[in-house]
Structures are given as C-alpha cells and as structure tokens.
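The first residue in the sequence is number 1, and the count goes up from there. Both backbone and side-chain heavy atoms feed into the values below; hydrogens, waters and symmetry mates do not.
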Amino acid sequence: MEKKSVRMRRRIFSIVEVGSDFDYVSRAYDYLNAGLIIVNLIVSILYTYEGIRESFGFWLLLIERISIAFFALDYVLRVLTARFLYPELKEFHAIRRYMFSFTGIVDLLSFLPYCLPVFFPAGTAAFRLLRIVRIFRLFRINAYHDSLSVITAVIVNKRQQLMSSVFIILVLMIASSLCMYSLEHEAQPEVFTNAFSGIWWAASTLLTVGYGDIYPITMLGKLFGIFISFLGVGMVAIPTGIISAGFVDQYSTIKQRTEYGYESHMRFIKVFVNPNDKWVGKRVADLDLPEGIIIAVIKRKEDIMIPRGDVIVQAEDSVVLGAEPFDEHEKIMLKEVVLKKKHPWTNMRICDLDISRHTVIVLVKRRNKALIPNGNMKLREGDNVFVYTQRHFLNANEIQL
C-alpha cells in the first residue's frame with residue numbers, strides 16, 4: 001500500500017498535469033494556469049504604455065506579482081512530482097530530466113528573472129531582458145487544446161520532407177548569390193563586394209519578400225533576378241504544400257478518431273511449437289510475452305482451445321498470436337540479401353562481419369526455417385538474410401513493412 005505522502009504527491013501530480021473532464025479540481029487548475037499566463041502577458045504589454053502605467057501601475061504590478069508567485073509555486077509542485085511524470089526513472093533523474101527539459105526551463109525562467117535582481121542588483125537590466133522568455137509559457141496552453149497541438153504533430157511527421165526542402169532552398173540561395181556576384185560585381189562593387197554579399201538579395205528574392213535595398217542594375221543581372229523570382233515562388237511552395245498536406249492529413253485523422261472512432265485491426269500469426277521449444281510444459285500465464293501480444297487460440301491436433309491461464313502448452317501445438325499492427329505512417333525498409341557462394345558473408349559468423357553499427361540483421365531464412373540471428377550464427381550459402389540498414393547492397397531486394 002502506498003504511503004500517505006506518496007498518495008498526496010500522486011494527487012498533486014494529477015492536478016498540475018492536464019486533467020480529465022471528470023477531475024474538476026485538475027480542470028480548474030488547468031484553466032487557472034492558462035488564464036494567469038494570458039493575464040500576465042496582457043499586463044506586461046499594458047505596462048509599456050505610459051498613460052496606463054501612470055494610472056494603474058500599482059494594480060498592474062500587483063497582478064504581475066501574483067501571477068509570478070503562482071508560476072513559482074507551479075514549478076515547485078512539478079519538481080516534487082517529476083517522478084510520476086517519468087515513472088521509468090529514479091526520482092533524482094526524473095527531477096533532473098524535467099528541470100533540463102524545454103518546458104522545465106521555460107517554467108523556471110517564467111519567474112526566476114523577477115527574483116534575481118534581489119540577489120544581484122547590478123544585473124537588473126540584464127535580468128529584465130530575460131523576462132521576455134515568459135511568452136514561451138504560452139506553450140503550456142498547447143497541452144490543453146488539441147487544435148494547438150496540430151502544428152507540432154505536422155512538423156514532427158513531415159520533418160524529413162521539410163528538411164529536404166529547406167536544404168534545396170539553401171543550396172539555391174548560395175548558388176544565386178555566387179551568380180549575382182559574378183554578374184553585378186563590376187557594375188556595383190560597393191554593393192556586391194564579395195561572393196556572399198548577395199545572400200541577403202538571394203534570401204529576399206527566393207522567399208518572395210523583395211525588400212529592394214539590394215537589386216541588380218545590369219541587363220544580365222535583371223534577367224537572372226527575374227528567373228530567380230519565378231524560381232522562388234516554386235521553392236516557397238514546396239514547404240507550404242508539405243505543411244498544407246500535413247494539416248489535411250492530421251485534421252482528417254482527428255475527425256476520424258473523434259467522429260467515427262479509431263479503427264485498428266489485430267494481426268495474427270501462427271507459431272508451431274517444436275519439442276525443444278521453451279514453451280513446452282509451461283502454463284499460458286507463465287509465458288514471457290511482450291506487452292500488447294496475446295495468445296488468441298491454441299490448436300492441438302483437431303481441437304481448438306481457448307488459452308486460459310492454466311492451459312499447459314504441449315509439443316506440436318499450433319499457437320495463434322495476436323498483436324496490434326505497426327503504425328501505417330511509419331515505414332521500415334528491410335533489404336533481403338541472398339547469399340551466393342562467392343558472397344563475402346558466406347561461411348562467416350555474424351559477429352565477424354564488417355558492417356556498420358547502423359546495420360542490423362533481423363532475420364535469417366534457411367531453407368524453410370526462420371532463424372533469429374545471434375553473434376555466433378554462421379551464415380551459409382543460400383541463406384536469405386533480412387537486413388535493416390541505410391547502406392546500399394548490390395542485388396538486394398527492398399521490402400517495406
């Protein structure tokens with residue numbers, strides 16, 4: 001049974017974290033937290049107006065101090081309950097992980113700059129600049145509304161495509177700067193002084209801003225500028241299209257889950273139990289199965305058995321395992337390599353292979369048997385080796401899971 005102090009800390013954790021609709025205390029805390037974040041930012045903006053500051057300065061400072069005190073209390077409570085946020089870690093490591101996380105640093109800086117001038121009066125001006133960090137506390141509201149989390153999910157899901165498009169834009173930007181320097185340096189030596197002086201022009205042109213402080217004056221430079229302007233429209237459209245498609249996919253998924261429910265099918269495989277298998281003679285309840293995998297049925301000769309916990313697995317049983325399918329949005333590519341007589345892996349142990357640490361042999365199919373590889377396994381001619389890797393293998397077949 002949990003100690004009273006542990007139960008109290010667990011309850012505090014359930015309050016300070018995003019609560020369910022049925023936990024009214026937690027939901028009230030969520031609304032209070034979000035409301036004070038918005039009020040604090042509004043007060044900070046109003047305090048910059050001289051007329052409002054002279055008339056209501058005392059009340060604005062009072063509201064700001066109350067919100068700052070709440071932020072400090074919230075930070076302390078989150079530190080005390082960090083072990084429940086990261087249950088897989090020990091308490092000290094859980095606290096350290098929270099304190100050095102993005103949200104932990106933002107939570108700390110949302111109130112710390114107000115306290116530091118008390119201890120270091122000489123640095124008051126510098127600490128005042130740190131107060132701008134409190135605007136990042138708006139990310140706390142992101143946890144309360146799913147609609148604000150969509151942009152994060154879209155960027156995470158499309159990060160590879162976005163990075164590729166940004167890389168293309170950077171390459172074109174550098175190439176455009178070099179070309180414009182070659183065309184305009186003689187006509188405008190004070191503007192295009194070196195190869196990278198046209199980076200600002202390339203950025204403003206490719207990103208369709210067109211600031212106008214740097215521009216070509218020669219005929220060839222103007223023609224090249226027109227070409228880059230047209231190219232920039234297409235380049236900007238690439239990340240825009242990626243993000244737009246991501247928004248459509250994300251909202252479609254959310255709508256499907258909220259209005260129609262989330263449909264997820266189970267996948268089943270049949271495993272034949274050999275006499276030498278470790279499962280022979282064990283109860284179903286004692287089998288060390290990974291979480292999320294269940295035994296659906298056991299076929300013993302002509303009988304179909306429902307696998308209750310006390311059922312004993314016997315040799316020559318056919319066990320049907322069920323598991324959730326792999327996320328369809330995540331693609332894993334495997335390569336199938338068939339070992340010929342002259343292949344360098346033939347007659348080699350897996351531990352002796354000269355392969356990258358990013359290359360993993362996940363399965364070896366020998367004749368009609370699927371073998372789980374280990375370091376001492378010796379590969380033979382005719383083996384089908386299934387490899388997860390980013391490297392290129394000659395005559396390898398790609399398989400998408």
- Check the pair Ile298 / Ser318 against side-chain contact (heavy atoms from CB on, under 4.5 Å), numbers first and verdict last. CA-CA 6 Å; Ile298 296 177; Ser318 294; over 6 Å; no
Just list the side-chain donor-acceptor pairs under 3.5 Å for residues 270-281, sequence neighbours left out, or say none.
{"unit_1": "Asp277", "atom_1": "OD2", "unit_2": "Asn274", "atom_2": "N", "d": "2.7"}

- Message: Using side-chain heavy atoms (C-beta onward) and a distance below 4.5 Å, is Phe56 in contact with Leu61?
- Response: no
- Message: As a test of understanding, state which of Val39, Ile45, Ile38 forms a side chain to side chain contact (heavy atoms under 4.5 Å, CB included) with Ile42.
- Response: Ile38
- All heavy atoms of Phe224 vs all of Cys179, minimum pair found to be CZ-CB, 3.5 Å
- Message: Taking the side chain as everything from C-beta on, heavy atoms only, tell me whether Ile12 gets closer than 4.5 Å to Leu80.
- Response: no
- Message: Applying side-chain contact (heavy atoms from CB on, under 4.5 Å) to Leu339 and Val385, what does each step give before you reach the verdict?
- Response: CA-CA 8 Å; Leu339 300 188; Val385 182; 4.0 Å; yes
- Message: In the structure I gave you, are the side-chain heavy atoms of Arg83 and Lys90 within less than 4.5 Å of one another anywhere?
- Response: no
- Message: Could you measure the distance from the CG atom of Leu183 to the CG atom of Leu220? Nearest 0.5 Å is fine.
- Response: 6.0 Å
- About how many Å separate CG of Leu85 and CZ of Arg97, when rounded to the nearest 0.5 Å? 8.5 Å
- Message: Quick check against the 3.5 Å criterion: does Thr346 have a side-chain atom that pairs as donor or acceptor with the backbone of Lys342?
- Response: no
- Query: Is a side-chain donor or acceptor of Arg78 paired with a backbone partner of Val16 at a separation under 3.5 angstrom?
  - Reply: yes
- Item | Residue pair Leu89 / His93: nearest heavy atoms and the distance that separates them | CD1-O, 4.1 Å
- Answer yes or no: is there a donor N or O on one side and an acceptor on the other, between the side chain of Arg349 and the main chain of Met377, under 3.5 Å? no
- Tell me, do Trp345 and Leu353 make a side-chain contact under 4.5 Å, heavy atoms counted? yes
- Task: Determine, stepwise, if the pair Ile95 / Tyr86 fulfils side-chain contact (heavy atoms from CB on, under 4.5 Å).
- Result: CA-CA 9 Å; Ile95 293 175; Tyr86 305 104; over 6 Å; no
- Item | Option from Ile295, Leu287, Val297, Val284 for which side chain to side chain contact (heavy atoms under 4.5 Å, CB included) with Val319 holds | Ile295
- Message: Taking the side chain as everything from C-beta on, heavy atoms only, tell me whether Leu206 gets closer than 4.5 Å to Leu172.
- Response: yes
Could you pull out all donor-acceptor pairs under 3.5 Å where a side-chain atom in residues 227-243 meets a protein atom, sequence neighbours excluded?
{"unit_1": "Ser229", "atom_1": "OG", "unit_2": "Gly225", "atom_2": "O", "d": "2.8"}
{"unit_1": "Thr240", "atom_1": "OG1", "unit_2": "Val236", "atom_2": "O", "d": "2.8"}

- Can you name the nearest heavy-atom pair linking Leu363 to Ala370, along with the distance? CD1-CB, 4.0 Å
- Message: Does any part of the side chain of Ser182, heavy atoms only, come nearer than 4.5 Å to the side chain of Leu178, both counted from C-beta?
- Response: no
- Give a yes or no answer on whether the side chain of Ser165 reaches the backbone of Leu162 with a donor-acceptor pair at less than 3.5 Å. yes
- Message: Strictly distance-based, threshold 3.5 Å: is any side-chain N or O of Ser177 a donor or acceptor partner for the main-chain N or O of Ile174?
- Response: no
- Query: How long is the gap from NZ on Lys158 to OG on Ser164, to the nearest 0.5 Å?
  - Reply: 12.5 Å
- Item | Beyond-backbone contact of Leu108 with Tyr75, side-chain heavy atoms, under 4.5 angstrom | yes
- May I ask you to decide if Glu64's main-chain N or O and Ser67's side chain share a donor-acceptor pair within less than 3.5 Å? yes
- Task: Quick one: do Tyr29 and Phe70 satisfy ring-ring contact (aromatic ring centres under 6.0 Å, His included)? Show the steps, please.
- Result: CA-CA 11 Å; Tyr29 185 89; Phe70 175 83; 5.5 Å; yes
- Item | Exercise: identify the closest heavy-atom pair between Pro373 and Val364 | CB-CG2, 4.2 Å
- Tyr31 six-ring face occupied by Arg27 cation (under 6.0 Å, within 45°): yes
- Message: For Tyr98 versus Asp107, what's the shortest heavy-atom pair and its separation?
- Response: OH-OD2, 2.7 Å
- Message: Checking the side chain of Gln188 only, and the main-chain atoms of Tyr215 only, is there a donor and an acceptor separated by less than 3.5 Å?
- Response: yes
- Note on the structure: Taken to the nearest 0.5 Å, the spacing of Phe58 CZ from Ile63 CD1 works out to 10.5 Å
- Could you please spell out the steps behind the side-chain contact (heavy atoms from CB on, under 4.5 Å) verdict for Asp74 and Asn33? CA-CA 9 Å; Asp74 178 77; Asn33 194 351; 3.9 Å; yes
- Task: Could you tell me the separation between the CD1 atom of Ile37 and the OG atom of Ser110, rounded to the nearest 0.5 Å?
- Result: 8.0 Å
- Item | N-O pairing of Lys299 and Glu316 below 4.0 Å | no
- Message: I'd like to know if the side chain of Ser14 and the backbone of Arg11 have a donor-acceptor N/O pair within less than 3.5 Å.
- Response: yes
- Would Thr218 and Glu184 count as having a side-chain donor-acceptor pair, cut-off 3.5 Å? yes
- Search all heavy atoms of Glu17 against all heavy atoms of Ser26 and return the closest pair with its distance. O-OG, 3.3 Å
- Looking at Arg366, Arg367, Glu336, which hits side chain to side chain contact (heavy atoms under 4.5 Å, CB included) with Asn384? Glu336
- Message: Check whether Asp317 reaches the backbone of Gln314 with its side chain - one donor and one acceptor, N or O, closer than 3.5 Å.
- Response: yes
- Taking the side chain as every heavy atom from C-beta outward, state whether Trp201 and Val191 have any atom pair closer than 4.5 Å. no
- Query: Short question: side chain of Ser204, backbone of Trp200 - any donor-acceptor pair under 3.5 Å?
  - Reply: yes
- Would you call Arg380 and Asp383 a salt bridge, taking side-chain N to carboxylate O under 4.0 Å as the test? no
- Task: Quick one: pull up CD1 in Ile199 and CG in Leu170 and give me the separation to the nearest 0.5 Å.
- Result: 8.5 Å
